[in-house]
Every structure is written in structure tokens, then in C-alpha cells.
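Working notes, beginning with the structure itself.
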Amino acid sequence: MDNIVRIRVFEVVGSDLCVASDDGQKVHDQIAIALREGRKVNISFYNVESLTSAFLNAAIGQLYGEFSEEKIKASISVKDMSKDDLGLLKRVVDTAKQYFKDPARFEKAREEVLEDGNEF
Amino acid sequence: MKISLSNEIKSDYESFACLIKFAEMTKNRVFDNIDISMKNMYWFDANMCSTFGAILYKIGRGPNVVTLSNIPRNIETILSKNGFLSHYGKVKSQDTYGTTIEYKRFEPRDDRYFGAYIEENLTGKGIPEMSKGLRKKFVESIFEIFSNAIIHSKTQMGIFSCGQFFPKKNRLDFSVTDLGIGIYQNVKEHTKQELTAEEAIKWAMEGKNTTKVGRIPGGLGLKLLREFIKMNKGKIQIVSDKGYWELSEGEASSKSFDEPFRGTTVNIEINTTDTRSYCLSSEIQPEDIF
């Protein structure tokens, strides 16, 4: 088994509508497990029809409250996204970086992760 | 208690004010029969069933018995087609031209069901064939509004939605209403500033402002909606507490109501003849994302 964990968003969500925050959370949980294990993650959006910021905030945005920007940049790649969806993801990522620059928010996110018993 | 609604209910400030007044008049009633006469009405924009239905649902939870009476034929026809009157003892009639998006009440955990409802109501009906880009943006905007209601309203009474295509105007209106704590309370608690409801909505629609706390970031949904509607030359109306905010013809404006709406309504109106591709002009490469 190679070091790259491949995640198919359609498969995790079970639908081409990737719009709900709860569904984004399922994708996030898989990515986070892989990152904690030091794996690289490749996320495929093949066959995904609709995407929202609410979904991407939960799936990917919140990773910036748990992992460093460097680790995320070095470990995550995406594929099979339309230009429009890439643009949306870029804005979600930029917003998340900005969001966690607020120390109070970063601390709150950290507390929530620790409460769940996950390594930070 | 007998109440009469008059003239018209359209997607505008005056009609929202009328519905808010009606909600305030009935808010303390319990174990009552609330008879709403529509005898003096001549028009009802079907998408406004979202706000009207939310108000009636709350009255019914009093508990009270709600009855709609003396409904003019043209209004009865449209409110039967979209399933609204089925909630008040009438039979749902067939939507021959398929221009309605059914009136529905959802629980906050119904997002999958909501997705199916949108797909079902936009496909193979009289809703016009929109360009692929416009359809995708419209559907995603509706989901952004629905997600916003789930995340921010903390509602216990559900989320109410309804839409209508107006073929002569080439406009499609869609409304989502919740009876949660609303933008005003959220923004006031978050900013710890003495803002008016009007100012609170403006705050929520600007820049990267978000009331979100915790591990999942936010603050993008309403801005994406605003950008899309501006490009499409459509309209957004937001009602929360005493605040009214509107984006129309690319210009934002706001007003206040005399009395508060105890929830939030977001109404969007899109121009269905828009053929813009909605693809971003700048090329973003996957390796540039993170």
C-alpha cells in the first residue's frame, strides 16, 4: 500500500450533492485520520455536481484549526474539480486561514479537538 | 379571533411588513380558533408562502386552530398547486405548467431530503431550461441559504421553503424562512455592539464577517450569494427581526420595520435568461489551492 490515501468524495458522501456541513464532516474525518498518521491525501471530486462553502468549510476549512498550513500544503492534493469549484475551494481555504488567525477562534477549535481525544 | 388580510402579498417590503404585523397580532394567542379571511386579497406571490407558512405554523403551535377562509379563486389555484393549502385542509391540485416549487417544511437535519426536493422541483417541469452554469449556481445558492439557516438559526420549528417561476418576467423566486434566533441576535451577541437589526444584516453581508465560532470556519455563504445575484442581475431580500435588506439592480439598500419578525427570511429572485457561464476568469491550478 502506498503512502497516499485516496479519498473519493462521492463515495464518502454517497451522493453528487456535496452541500451539507454534516457530509463535509465525514470527508474531514477521513482526511484528518490520514494526516495524523503522516500520510499524504489525494481528494477526488469526480462526479460531484453541487458544492457549497458550508460543505467545504467542514471538509477542508476546519483542517486549518488542527494542522499547520505547511503540513496541509505538503500533504493534500485535489483532483477532478471544475475551474469554478477550484475557485470556490480556494476561497474557502483563504477564508479558513483568515478565520484561524484570530487567536480566540484558534484556541476554541483546539479545545474542541482535544475534547474529542484527538492529538493536536 | 378573526383576522383579515387585504390587497396583495408580493416579494416586497410592504408585504413583509404586513405579514410581520399579522404575526405580532397573533403571537400571544393560545387555544384559539384563528380564522384568516383572504376575501379582500387579489394577489399572492407563491414564494411568499415560505414566510406566511412559517408564521401560520408558529400560530398553530400555540396551540391554536388555523383556518384560511374566503380565498379568492386565483389565489386558491396557485396556493393549491404548490401544496400550501394542503396544510390547511384543501386538496393539492395539479400544477399543469409546472411553474411552482412546492411549499415544504423541513427539519434542520433534513438536508438530504432538501437536496432531493430541489432536484425534483427543478427537473423536467415548467421551470425553464437554464444554462448549466446558471442552474448550478442557483442550486448551490439555495443550498447555501438552507445551510445558513441550519447553522445559524438554532431553530426548533423547522425551515420553510417555496418557489415560483414567473414566465412573463423570466424570473424565478425562491424563499427560505426559519423561526430561529435570526441574524440580528447572532450578530449582536457576536460583535457585542449595540447595532440595529438593519445594521446587523449589513454586517453579515459584508467582507469576511461571520458570527461563526468553533472549529468549522464560516462567513462565505452569504457573500457568494450576493456576488452571484449581482452578476445575474437578480434580487435578494433578507428579513430578520426589524431589519430589511435588499440587493436589486446591483444596489444594496435597507430599511427597518416597526415590529420584529421573529426569524429570518431570505428570498432570491434570479433572471432565468442569463447565459453567463459563471466560470471564473482567472485560472486556478489545483497545486495553488493550499
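Convention: sequence-line order gives letters A, B, ...; per-chain numbering from 1.
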Spacing of [X] atom [atom1] and [Y] atom [atom2] [to the nearest 0.5 Å]:
| X | Y | atom1 | atom2 | answer |
| --- | --- | --- | --- | --- |
| B/L220 | A/Q98 | CG | CD | 12.0 Å |
| A/F55 | B/D111 | CZ | CG | 11.5 Å |
| B/K223 | A/R91 | NZ | CZ | 10.0 Å |
| B/F290 | A/D94 | CZ | CG | 11.0 Å |

Side chain, backbone, both or neither: which part of [X] has an atom under 4.5 Å from a heavy atom of chain B?
| X | answer |
| --- | --- |
| A/K97 | side chain |
| A/I60 | side chain |
| A/L17 | side chain |
| A/V93 | side chain |

Kindly give the heavy-atom pair with the smallest separation between [X] and [Y], and that separation in Å.
| X | Y | value |
| --- | --- | --- |
| A/D84 | B/K136 | OD2-CE, 4.1 Å |
| A/K90 | B/I289 | NZ-O, 3.5 Å |
| B/L224 | A/L88 | CD1-CD1, 3.5 Å |
| B/P217 | A/F100 | CG-CE1, 3.6 Å |
| A/V78 | B/P286 | O-CB, 3.7 Å |

Answer with side chain, backbone, both or neither: which region of B/D288 has an atom nearer than 4.5 Å to a non-hydrogen atom of chain A? backbone

Going through the checks in order, is the side-chain contact (heavy atoms from CB on, under 4.5 Å) test met by B/R109 and A/D22? CA-CA 9 Å; B/R109 296 197 68 82; A/D22 285 356; 3.3 Å; yes

Full working for side-chain contact (heavy atoms from CB on, under 4.5 Å) between B/E140 and A/D85: CA-CA 11 Å; B/E140 288 173 354; A/D85 289 342; 4.2 Å; yes

Does [X] [atom1] have over 12 foreign heavy atoms under 6.0 Å away?
| X | atom1 | answer |
| --- | --- | --- |
| B/Q285 | CD | yes |
| A/R8 | CZ | no |
| B/E287 | CD | yes |

Any side-chain heavy atom of A/H28 within less than 4.5 Å of one from B/I216? no

Highest number of heavy-atom pairs under 4.5 Å with chain B: which of A/A74, A/S82, A/A58?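 Highest number of pairs under 4.5 Å: A/A58.
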
Interface residues of residues 47-54 of chain A facing chain B - non-hydrogen atoms under 4.5 Å apart: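 Residues of residues 47-54 of chain A touching chain B at under 4.5 Å: A/E49, A/S50, A/L51, A/T52, A/S53, A/A54.
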
From CA spacing to verdict: side-chain contact (heavy atoms from CB on, under 4.5 Å), B/I150, A/S21: CA-CA 9 Å; B/I150 292 173; A/S21 186; over 6 Å; no

